[in-house]
2 protein chains.
Amino acid sequence: MLTITDVSRRSGVASSALRFYEERGLIVSERAGSGHRRYPRSVLRRIAFIVFAQRIGLTLEEIGVELAKLPADRVPSRRDWSRLSGEWAKRIDERIAELQRLRSGLTECIGCGCLSIDRCSLANPADVAGRKGPGPRYWLG
Amino acid sequence: MLTITDVSRRSGVASSALRFYEERGLIVSERAGSGHRRYPRSVLRRIAFIVFAQRIGLTLEEIGVELAKLPADRVPSRRDWSRLSGEWAKRIDERIAELQRLRSGLTECIGCGCLSIDRCSLANPADVAGRKGPGPRYWLG
DNA sequence: CTACAAGTTCAAGTTAACTTGAAGTCAAGC
DNA sequence: GCTTGACTTCAAGTTAACTTGAACTTGTAG
């Protein structure tokens with residue numbers, strides 16, 4: 001069993017973040033008699049999954065939903081993990097496609113001087129500026 | 001000259017956001033006798049540039065720095081606009097490369113079950129979890 | 001036994017990019 | 001002249017994902 005500092009060091013995720021993930025139900029811990037957290041090794045894989053999913057652009061809430069799909073009664077298998085990743089590939093591909101569109105826009109559209117709200121489909125904010133509710137806009141959605 | 005509602009409608013950016021951009025020095029407005037904002041048409045292009053840059057992943061602060069490079073004494077030319085985009089292409093390419101790495105990780109790494117903090121370079125949070133200071137982490141940096 | 005590092009909880013702070021609300025001014029139509 | 005809608009400023013709220021600080025307890029090395 002690992003202490004919170006062990007897990008933090010091995011995962012690169014701060015202890016405060018680990019407590020936060022636990023509060024959010026993304027990971028769990030047992031407790032030593034003292035009340036200190038003790039983690040099984042398997043938590044490292046779970047954390048790796050969380051960090052990985054974050055890089056892809058999922059929110060912690062979405063990640064929580066995905067993780068909840070893992071079987072609670074047994075150690076997750078390869079198959080369990082990989083099933084979760086189905087939707088993600090699509091998401092990555094979409095974002096890559098958008099970035100590639102933006103990249104051409106950079107040379108073709110700004111470069112040619114046509115960056116115009118009226119005529120340029122790439123720059124037209126009406127296409128992209130749709131609000132996603134209050135608060136900051138996220139580029140990854 | 002356009003009113004703030006005109007500009008909002010034509011750009012897809014909310015009036016409140018336009019006032020916010022002005023407060024941050026990203027755009028400027030003249031005032032009618034009444035105190036109401038009046039914008040020249042050229043502001044639309046500037047806003048298009050801001051929205052475009054946001055999609056690429058620049059912060060408003062970075063965008064402000066870029067916009068400050070435009071000549072104040074004359075209407076910016078094609079060349080002026082395109083000069084700004086130099087650094088950006090690199091940034092887009094880097095993010096695309098990362099997403100492509102993540103995408104292979106999705107099938108190769110999670111798929112094969114090797115998603116391990118110890119051995120998997122793709123999932124190793126120590127490589128990617130470096131903090132960027134307090135507050136939320138941004139995946140786009 | 002005494003430091004002192006490491007752990008705990010809980011509340012409050014941080015950041016970006018805005019939005020929302022309050023309280024008041026201005027302009028246009030009837 | 002009155003209502004209605006667009007506009008103004010300024011302060012405070014929102015969201016995600018954490019971090020920081022206070023106040024306190026536990027574990028360990030000497």
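By convention in this document, chain letters (A, B, ...) are assigned in the order of the sequence lines, proteins followed by strands, and residues within each chain are numbered from 1.
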Just the rounded figure in Å: distance from [atom2] of [N] to [atom1] of [X].
| X | N | atom1 | atom2 | answer |
| --- | --- | --- | --- | --- |
| B:Leu18 | C:dT19 | CG | P | 9 Å |
| B:His36 | C:dT25 | NE2 | P | 12 Å |
| A:Ile4 | D:dT26 | CD1 | P | 17 Å |
| A:Arg55 | D:dA17 | CZ | P | 14 Å |
| B:Arg19 | C:dG21 | CZ | P | 15 Å |
| B:Glu62 | C:dT15 | CD | P | 16 Å |
| B:Leu26 | C:dA17 | CG | P | 9 Å |
| A:Arg24 | D:dA17 | CZ | C1' | 7 Å |

Report task. Taking only Lys NZ, Arg NE, NH1 and NH2, and the carboxylate oxygens of Asp or Glu, determine whether A:Glu98 and A:Arg101 approach each other closer than 4.0 Å. Result ->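 No, no charged N to carboxylate O under 4.0 Å.
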Report task. Flag the pair B:Arg37 and B:Glu22 as a salt bridge only when some basic side-chain nitrogen lies within less than 4.0 angstrom of an acidic carboxylate oxygen. Result ->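 A salt bridge is present here (some side-chain N lies under 4.0 Å from a carboxylate O).
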Query raised in the report: Given that A:Ala32 and A:Phe20 both sit by DNA chain D, which one's nearest nucleotide is further toward the 5' end?
Result: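 Counting from the 5' end, the first nearest nucleotide belongs to A:Phe20.
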Query - Candidate nucleotides D:dT19, C:dC18, D:dC18, ranked by approach to the side chain of A:Gln54 - the nearest - result: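 Closest of the options to the side chain of A:Gln54: D:dC18.
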Query raised in the report: Starting at the 5' end of DNA chain C, which residue's closest nucleotide do you reach first, A:Thr5 or B:Ser16?
Result: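 Final value for this comparison: A:Thr5.
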N or O in side chain of [X] less than 4.0 angstrom from [N] OP1/OP2:
| X | N | answer |
| --- | --- | --- |
| A:Arg37 | C:dT8 | yes |
| B:Arg31 | C:dC26 | no |
| A:Tyr21 | D:dA17 | no |
| A:Arg38 | C:dA6 | no |

**Report entry** Sole residue of B:Val43, B:Leu44, B:Ile47 in side chain to side chain contact (heavy atoms under 4.5 Å, CB included) with B:Arg10
**Finding:** B:Leu44
Requested in this report: Report the relative orientation of the aromatic rings in A:Phe49 and A:Trp88; use parallel for angles under 30°, tilted for 30 to 60°, perpendicular for over 60°.
Outcome: tilted
Report task. Name the nucleic acid region contacted by B:Ser34, choosing base, sugar-phosphate or nothing; use a 4.0 angstrom heavy-atom cut-off, strictly under. Result -> sugar-phosphate
Query raised in the report: Checking all strands, does A:Thr3 fall into the base, sugar-phosphate, or nothing category for heavy-atom contacts under 4.0 angstrom?
Result: sugar-phosphate
Query - Value rounded to 0.5 Å, distance of CD1 in A:Ile50 from CD in A:Glu66 - result: 12.0 Å
